[in-house]
Every structure is written in C-alpha cells, then in structure tokens.
Participant: 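Structure below; questions to follow.
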Protein chains: 2
Amino acid sequence: MQHSATDISAILAKADIKPSVQRIAVLRYLLENRCHPTVDDIYRSLSVEMPSLSRTTVYNTLWLLAERGAILSLDIERGNTHFDYAECPHAHFRCNKCGAIYDIPLTHTCVGLSDARFHVDSINVYYTGTCKKCFNPNSKIKIQNNQH
Amino acid sequence: MQHSATDISAILAKADIKPSVQRIAVLRYLLENRCHPTVDDIYRSLSVEMPSLSRTTVYNTLWLLAERGAILSLDIERGNTHFDYAECPHAHFRCNKCGAIYDIPLTHTCVGLSDARFHVDSINVYYTGTCKKCFNPNSKIKIQNNQH
DNA sequence: TTACAAATTTGTAATCATTACAAAGTTTAA
DNA sequence: TTAAACTTTGTAATGATTACAAATTTGTAA
C-alpha cells in the first residue's frame, strides 16, 4: 500500500508532532512494513535512500511516536524493541524458533481492567511459543529471522 | 514467610534442576521478595551474605528457572528484566511514575488463545499507567523505585 | 531578505544489561 | 580413587540504548 506524505503528515499532526523528512520516512516505513521491525531494521532500510540519517533520529522519532500513541513499542523479544503501527488494538504471538511476530485480533480475548488502584494507559498482551511452520517435528530446518 | 532449603529443593526438583547453594539462595530470594526484583536487586542483596556469588550465576540460575517454568521473567520495563515466582498465572501493572509493579489477578481477564497457527507456551498480560499513589495531581513528590 | 530563537538532526562517546568463555571448583558414579 | 560431568566464577565482549554538544533546519518578526 502506498502512503502519501500528506496522509502521513495527517497522522503526525493528530499526534501533535511536526512533520520532518525524517519523521515522515520513519512513519511511512512502519505503515508499509507491518512486520514489527526493530530500530535497526528501520535504520538500515532507510539509510539506503537517506545516507545522512542518524540512528539517534530514528530512536528519537520512534519514542516520540510511541509516547504520543501513534505507534506501539513491543517488548516481546529480550533486548530488542519492536515497533508496530497499530490501527486497532491487537495482541501478538512471537515464535521462539523463528522469531516471527504475528498479529492476533483482540476479539479472542477480553482484557479490560477496571481496578480503582490504577489509571491504565496501555494494555499489552502477547503469547510466545512455536508457530505452525516451525512445529513440524520432521522439519530439521530452523530459520532465524523476523520477516515472514 | 520462611522457606526451608527442603521446600525450595522440592520446587527445584519439580523443575528438574539440581539444588546448589546458589540456586537455592536465588529461588529463596524470589519466594521471600515478591516485589518483582531485577537481576541486580537479587545479586546485590545475596552478595551481602554470599560475597563470592557471581552475577553470571544469578543470570544462569534465573534463566534456567524461567526456562523450566518455575519462575516468570517479565519484560515490563525496557532494558531491565524483572523476575517473579508465580504460583498461579496473573497479570501485572507497572506504574510509569514510580516504577512499582503490581500483581493483577487474571480473573479480571480471559486471555486464552486457541488458534491453529500456534502452539502457545506462555501468555503475558501487562498494563502500564499511573498508580493511585502517583495519580494525585496535588502531589509534587515523584519517587522512583521498584520496592513498594 | 535578514536575523535570531527554537526545534531538529547528527555523530560520537558513554552507559549498562546481558552474554561468551575459559579457568577453577564441586559433585557424581564407577 | 579417579575421571567425567556439572556448576560457579571473573573477566572481557557484545549490543541496544542514551547523553550530549555541535551543526543544521525551521519559524517568525522586523
């Protein structure tokens, strides 16, 4: 799916973030790559067309977007934060074998929390285990990547 | 609550882990400190009585226990894994202001996943936001710690 | 346009949790 | 007793993330 700079600027505006070339590029990447990329995935990919891009800018932009609720940060793999443009809330499944992260509709679950002790900002649900591709006991092939 | 070495050895045995002085100490710490400590919390605390203890041993023991299902590792704070001896499954709430992590009974939620695509090993549910202590808008005091 | 302040980006140098690894110590079982 | 297997220890990487200051870009008022 293509996303114009105007579309993307509108999303930024809604999050009260001024559009810059770098911020548009990062958000566009997330819109067009729904594979839950890491900072490094994003940085390396954008660097090809934008060699002056700094890793720090990617970090700054991602945390800003996440803070304003425009994207989600997923702490689903130890030591590697993944990012997700999430139109509607959903859960995730991460395969321990191949590392792939799948989206799970939240209709399967009901995870509201009404507890007077807390003012809830975010709900995070994730599962880990083995995906079907990796579960076949006859298969000896183990693939390790995040793109599926 | 006190826990004898025998009690703790029984938990280790159930997880098919041989008891050693170090492993018993780490597991005992988790049993007696239900505050979701980090590796460093555990290491620093145990070091007082056990000066020869190595941080690597604490890591090895915690991952071994988590791998065998005897304890939970919580990726609830970026860059700092917390650990939890969990008798029965429950969710967590982490306050963004003070860092405290609270237990939430899972009766509030229903998070089973029956999806033919996946063989589920673990279910992780956590909330973030502001806890009641920190939510008072008149309070100017911001405390940053994990022990509550 | 010019000038200046504010915001943003960049690159480098820390920081810090975690892991790798090999040497030393301990346990087990024949 | 002995050797293999297991465990612990300490040190040295690794690698994601952050701090920070200089450079660049943007917005705005004259």
Side-chain angles (χ1 to χ4, degrees), chain A residues 5 8-9 12-13 15-29 36-68 70-71 73-83 99 101 144 146, chain B residues 5 8-9 12-13 15-29 36-68 70-71 73-83 99 101 144 146:
Chain A
I8 295 165
S9 291
L12 289 172
D16 203 24
I17 296 171
K18 282 195 248 178
S20 69
V21 176
Q22 292 85 347
R23 288 169 175 175
I24 290 171
V26 168
L27 183 52
R28 191 204 303 270
Y29 185 88
H36 316 91
T38 62
V39 172
D40 213 58
D41 293 332
I42 299 167
Y43 171 71
R44 285 211 316 273
S45 182
L46 295 181
S47 285
V48 176
E49 293 296 320
M50 226 175 159
S52 76
L53 182 67
S54 162
R55 204 181 289 269
T56 302
T57 299
V58 178
Y59 273 102
N60 287 346
T61 302
L62 288 168
W63 292 128
L64 186 60
L65 286 163
E67 202 172 83
R68 302 289 172 87
I71 64 172
S73 69
L74 308 181
D75 287 330
I76 199 171
E77 182 191 8
R78 180 151 26 99
N80 237 3
T81 308
H82 293 256
F83 292 87
I101 298 172
Q144 185 75 34
N146 299 323
Chain B
I8 295 165
S9 292
L12 290 171
D16 203 23
I17 295 171
K18 282 195 246 176
S20 69
V21 175
Q22 292 85 346
R23 288 168 175 175
I24 290 172
V26 168
L27 182 52
R28 190 204 305 269
Y29 186 87
H36 316 91
T38 62
V39 172
D40 212 58
D41 293 332
I42 299 167
Y43 171 70
R44 285 212 315 274
S45 181
L46 295 180
S47 285
V48 176
E49 293 296 319
M50 225 175 159
S52 76
L53 182 67
S54 162
R55 204 182 289 270
T56 302
T57 299
V58 178
Y59 272 102
N60 288 345
T61 301
L62 289 168
W63 292 127
L64 185 61
L65 285 164
E67 201 172 85
R68 302 291 171 85
I71 64 173
S73 69
L74 309 181
D75 287 331
I76 199 171
E77 182 191 10
R78 179 153 26 99
N80 238 3
T81 309
H82 293 256
F83 292 87
I101 298 172
Q144 186 74 38
N146 298 323

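The structure presented is a predicted model; accordingly, all values stated were derived computationally and were not measured.
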Participant: Among dA19(D), dT9(D), dT18(C), which nucleotide has an atom closest to any side-chain atom of Gln22(B)?
Facilitator: dT9(D)
Participant: Rounded to the Å, how far apart are Asn60(B) CG and dT7(D) C1'?
Facilitator: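 The distance from CG of Asn60(B) to C1' of dT7(D) comes to 9 Å, rounded to the nearest Å.
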Participant: Would you say Thr56(B) places a side-chain N or O within less than 4.0 Å of OP1 or OP2 belonging to dG10(D)?
Facilitator: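 For Thr56(B), the contact criterion (side-chain N or O under 4.0 Å from OP1 or OP2 of dG10(D)) is not met.
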Participant: For Ile24(B) and dT7(D), what is the distance between atoms CD1 and P respectively, to the nearest whole Å?
Facilitator: 13 Å
Participant: Roughly how many Å is it from CG in Leu64(A) to C1' in dT8(C), rounded to a whole number?
Facilitator: 11 Å
Participant: Sort out for me which residue in Trp63(A), Tyr29(A), Tyr59(A) forms a ring pair (Phe, Tyr, Trp, His ring centres under 6.0 Å) with Phe83(A).
Facilitator: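 By the ring pair (Phe, Tyr, Trp, His ring centres under 6.0 Å) criterion, Phe83(A) pairs with just one of Trp63(A), Tyr29(A), Tyr59(A): Trp63(A).
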Participant: Please report the closest heavy-atom contact between Leu12(A) and Arg23(A), naming both atoms and the distance.
Facilitator: CD1-CB, 4.3 Å
Participant: Please compare Tyr43(B) and Arg78(B) by the position of their nearest nucleotide in DNA chain D and report the one closer to 5'.
Facilitator: Tyr43(B)
Participant: Is Thr57(A) close enough to dT8(C) that one of its side-chain N or O atoms is under 4.0 Å from OP1 or OP2 there?
Facilitator: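 So the side chain of Thr57(A) is outside the cut-off, no N or O lying under 4.0 Å from OP1 or OP2 of dT8(C).
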Participant: Select from Thr61(A) and Gly79(B) the residue whose nearest nucleotide in DNA chain C is closer to the 5' end of that strand.
Facilitator: Thr61(A)
Participant: Do any side-chain nitrogens or oxygens of Trp63(A) fall under 4.0 Å of OP1 or OP2 in dT18(D)?
Facilitator: yes
Participant: Which of the following nucleotides, dT19(C), dG11(C), dT9(D), is nearest to the side chain of Tyr59(B)?
Facilitator: dT19(C)
Participant: dG11(C), dA16(D), dT9(D): which one has an atom nearest the side-chain heavy atoms of Ser54(A)?
Facilitator: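 Side chain of Ser54(A) sits closest to dG11(C).
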Participant: Which one, dG10(D), dT17(D), dT10(C), comes nearest to the side chain of Arg55(A)?
Facilitator: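 Selected nucleotide (nearest to the side chain): dT17(D).
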Participant: Would you kindly give the CG-to-C1' distance between Asp75(B) and dT18(C), to the nearest whole Å?
Facilitator: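 So the two atoms are 12 Å apart, to the nearest Å.
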Participant: Using whole Å, what does the distance between atom C1' of nucleotide dA16(D) and atom CZ of Phe83(A) come to?
Facilitator: 11 Å
Participant: Looking at Thr81(A), does any N or O in its side chain come under 4.0 Å of the phosphate oxygens OP1/OP2 on dT17(D)?
Facilitator: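 Result: yes.
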Participant: When you measure from the side-chain N and O atoms of Arg23(B) to the phosphate of dT8(D), is any distance below 4.0 Å, counting only OP1 and OP2?
Facilitator: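 Result: yes.
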Participant: Under 4.0 Å between any heavy atoms, over every strand shown, what does Ser20(A) touch: base, sugar-phosphate, or nothing? Just pick one.
Facilitator: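 Contact class for Ser20(A): sugar-phosphate only.
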Participant: Can you tell me how far P of dC16(C) sits from CG of Asn80(B), to the nearest Å?
Facilitator: 11 Å
Participant: Using purine N1 to pyrimidine N3 plus N6-O4 or O6-N4 for Watson-Crick, or N1-O2 and O6-N3 for G-U wobble, each under 3.5 Å, what pairs with dA30(D)?
Facilitator: dT1(C)
Participant: Check the distance between dG25(C)'s C1' and Leu53(B)'s CG and give it to me in whole angstrom.
Facilitator: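 Going from Leu53(B) (CG) to dG25(C) (C1'), I get 15 Å.
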Participant: Hey, which of these two, Val39(A) or Met50(B), hits DNA chain D nearer its 5' end, going by closest nucleotide?
Facilitator: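 Closer to the 5' end of DNA chain D: Met50(B).
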Participant: Measure the distance from NZ on Lys18(A) to C1' on dT25(D) and round it to the nearest whole Å.
Facilitator: 11 Å
Participant: In terms of side-chain heavy atoms, does Asp41(B) have a donor or acceptor partner in Thr38(B) at a distance below 3.5 Å?
Facilitator: yes
Participant: What pair of heavy atoms forms the shortest contact from Tyr43(B) to Leu53(B), and how long is it?
Facilitator: CE1-O, 3.4 Å
Participant: Looking only at non-hydrogen atoms, find the nearest pair between Thr81(B) and Ser73(B) and report the distance.
Facilitator: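 Smallest interatomic distance, heavy atoms only, reads CG2-CB, 3.9 Å.
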Participant: Determine whether Val39(A) and Asn80(A) make a side-chain contact, defined as any pair of heavy atoms from C-beta on separated by less than 4.5 Å.
Facilitator: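 Not in contact.
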